[in-house]
Amino acid sequence: MKLLPLVFIVGETASGKSKLAIDLALKFNGEIINADSWAVYRGFDIGTAKPSVEERRLVPHHLFDVADPLAGYSAAIFKRMAGECIEDIYTRKKLPIIVGGTGLYIDSIIYNYIFLPGSNLKERSYLETLKLDDLKTMVNKYGFDSTGIDLNNKRRVIRLIENKGKRPQSSPMRKNILILGLKVDAANLENNIKKRVKRMLNDGLEREVKRLVNKYGWDIEPMKGIGYRQFKDYFNGHITYDQLRELIISDTIKLVKKQKTWFKRNKSIHWLHNSSQSVELITTFLNKSYI
RNA sequence: GGCGUCGUGGCGGAGUGGUUACGCAGAGGUCUGCAAAACCUUUUACACCGGUUCAAUUCCGGUCGGCGCCU
């Protein structure tokens, strides 16, 4: 059985993925699936640069606002939901376009990751209280195979214990996919990020953060994101508004570097330099596929 | 002008007569239920000149610069 065609648009923050996705969805009768780990949270709108109401009216957008900030989210949940969306879009004879900058989420679909069961909250919070050395001792005691596990990384060791030594699975790259990558050169990127952050602040990011903090406090996971956590010091008076803005900008640049590192290793990405290229690539791709 | 004090890599900040402290930033990388996370590797220095010493960033003298006090 041949898999139906699937298009990905990946790349770093502020590279223009969302806009390209809308253009392509309009042109190729597509629907957009979000693969950004922060835009899934309800209420986290401005800081995550979610598409506007008008944009969402133009093209169906999926997997935005699907997570309760208190409940959290994960790559495994994303993979399941995205799978459902993809099937759903196929039944409508439309083209799914997965768009996002979270490498792990993208890979979970490309390589069909089979995640192991989630963690037990009680066990997790207990394991988190232990020191890394104790966790390692535990691994040895139970005889779990730690080959390939980063034993300096507490989270990985905890996962190994939770999984009782079992390892997750993956498959070779999914067939019949097209991965488009958006890249911006360093000088422009920094400029884009500066503009983007200024825009967010003008659009009322401060109000949004204030509202979210009042509702959830600082400790929930999505509050630790860029454009949110930096406000804590600002509200406390430890930094000025200018410092706040610069901090958000530099943290965004750091994020972009990590995103680049992730996508660099996927040799199947077609890196684009202009949007017309993407139209040609998809046209060719769809001619070889069938819906 | 005199006395004292300080002068460490992009920034912050230890320390020593003879193995690069360290943190941040920078560079590279890992990545399967927190991934905008977590973790790993790594570049850059001891203001300048002279002296003592087998050996000086570390001791001594001077120069320059910062800071403080005094006249």
Side-chain angles (χ1 to χ4, degrees), chain A residues 10-15 17 34-41 44 46-50 67-83 100-121 123-125 127-128 132 135-136 146-174 186 190 193 196-197 200 205 209 219-231 243 246-266:
Chain A
V10 304
E12 57 225 35
T13 290
S15 60
K17 296 186 295 290
N34 163 247
D36 177 292
S37 61
W38 241 255
V40 296
Y41 290 111
F44 289 70
I46 298 173
T48 62
K50 278 181 196 164
D68 176 352
L70 287 173
Y73 200 72
S74 75
I77 300 173
F78 166 79
K79 200 235 162 183
R80 180 174 49 73
M81 291 179 114
T102 303
L104 176 65
Y105 287 15
I106 301 282
D107 281 0
S108 74
I109 296 174
I110 295 181
Y111 300 105
N112 193 28
Y113 283 175
I114 311 284
F115 290 89
L116 291 165
S119 50
N120 172 308
L121 275 179
E123 186 187 20
R124 168 65 64 92
S125 49
L127 290 174
E128 274 174 347
L132 183 60
L135 291 165
K136 285 198 255 187
S146 61
T147 313
I149 298 287
D150 179 359
L151 291 174
N152 285 314
N153 193 333
K154 195 170 166 180
R155 287 191 177 189
R156 299 273 156 73
V157 179
I158 288 180
R159 268 316 270 164
L160 182 68
I161 294 169
E162 287 177 343
N163 295 331
K164 303 193 167 44
K166 268 187 278 182
R167 301 304 175 78
Q169 316 250 305
S170 65
S171 309
M173 183 173 283
R174 179 180 169 123
E190 193 167 332
I193 290 174
R196 173 189 163 105
V197 170
M200 286 176 176
L205 183 58
V209 177
D219 293 333
I220 61 167
E221 196 59 28
M223 216 56 193
K224 294 172 188 161
I226 294 166
Y228 295 95
R229 61 165 184 253
Q230 292 86 355
F231 273 89
Q243 288 173 315
E246 294 309 310
L247 200 57
I248 295 176
I249 290 170
S250 63
D251 282 348
T252 305
I253 291 171
K254 270 185 257 177
L255 164 65
V256 164
K257 283 173 189 159
K258 285 194 255 181
Q259 290 174 314
K260 276 184 176 166
T261 300
W262 186 286
F263 291 122
K264 220 184 284 181
R265 66 179 180 165
N266 187 334

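As the structure is a computational prediction, the values presented were derived from the model and not from experiment. Lettering of chains follows the sequences in order, A, B, ..., and the numbering in each one begins at 1.
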A.B. asks: Expressed in whole Å, how much space separates the C1' atoms belonging to B:rU32 and B:rG28?
C.D. replies: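 Here B:rU32 and B:rG28 have their C1' atoms 23 Å from each other.
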
A.B. asks: Remember a base hit wins even if backbone is also touched, and classify A:Tyr73 as base, sugar-phosphate or nothing at under 4.0 Å, heavy atoms.
C.D. replies: sugar-phosphate

A.B. asks: Which whole number of Å gives the distance between the C1' atom of B:rU20 and that of B:rG9?
C.D. replies: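 Per the computed distance, 11 Å lies between those C1' atoms.
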
A.B. asks: Mind checking who B:rU52 pairs with, Watson-Crick or G-U wobble, both distances under 3.5 Å?
C.D. replies: none

A.B. asks: Applying a 4.0 Å non-hydrogen cut-off, can you work out what A:Lys260 is touching in the nucleic acid: base, sugar-phosphate, or nothing?
C.D. replies: nothing

A.B. asks: Take atom C1' in B:rU8 and the same atom in B:rA14, then report the distance between them in whole Å.
C.D. replies: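 After rounding to an integer number of Å, I get 10 Å for this pair.
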
A.B. asks: Look through every strand shown and name the nucleotide pairing with B:rG1 as Watson-Crick or G-U wobble, where both distances are under 3.5 Å.
C.D. replies: B:rC70

A.B. asks: Distance check, rounded to the nearest 0.5 Å: A:Ile161 atom CD1 versus A:Leu135 atom CG?
C.D. replies: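 One gets 4.5 Å once the value is rounded to the nearest 0.5 Å.
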
A.B. asks: If I take atom CD from residue A:Glu12 and atom CZ from residue A:Phe263, how far apart are they, to the nearest 0.5 angstrom?
C.D. replies: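 Result: 9.0 Å between the selected atoms.
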
A.B. asks: Using purine N1 to pyrimidine N3 plus N6-O4 or O6-N4 for Watson-Crick, or N1-O2 and O6-N3 for G-U wobble, both under 3.5 Å, which nucleotide pairs with B:rU30?
C.D. replies: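 Because both required distances fall under 3.5 Å, B:rU30 counts as paired with B:rA38.
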
A.B. asks: To the nearest angstrom, how far is A:Arg167 atom CZ from B:rG33 atom C1'?
C.D. replies: 16 Å

A.B. asks: What's the gap between B:rU71 and B:rU52 when it is taken at their P atoms, as a whole Å value?
C.D. replies: 41 Å

A.B. asks: Using the P atom as the reference point in each nucleotide, state the distance between B:rU5 and B:rC46 in Å, no decimals.
C.D. replies: 24 Å

A.B. asks: Mind checking A:Lys258 for me? I need base, sugar-phosphate or nothing, with any heavy atom below 4.0 Å counting as a touch.
C.D. replies: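 Sugar-phosphate: the residue A:Lys258, judged by heavy atoms under 4.0 Å, touches backbone atoms but no base.
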
A.B. asks: In whole angstrom, give me the gap between the P atoms of B:rU57 and B:rG1.
C.D. replies: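 Pairwise P distance, B:rU57 against B:rG1, rounds to 32 Å.
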
A.B. asks: Roughly how far apart, to the nearest Å, are B:rU58 and B:rA47 at atom P?
C.D. replies: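 8 Å, rounded to whole Å.
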
A.B. asks: Does B:rA35 have its OP1 or OP2 closer than 4.0 Å to a side-chain nitrogen or oxygen of A:Tyr105?
C.D. replies: yes

A.B. asks: Within the structure shown, what part of the strands sits under 4.0 Å from A:Pro222 by heavy-atom distance: base, sugar-phosphate, or nothing?
C.D. replies: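 No contact.
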
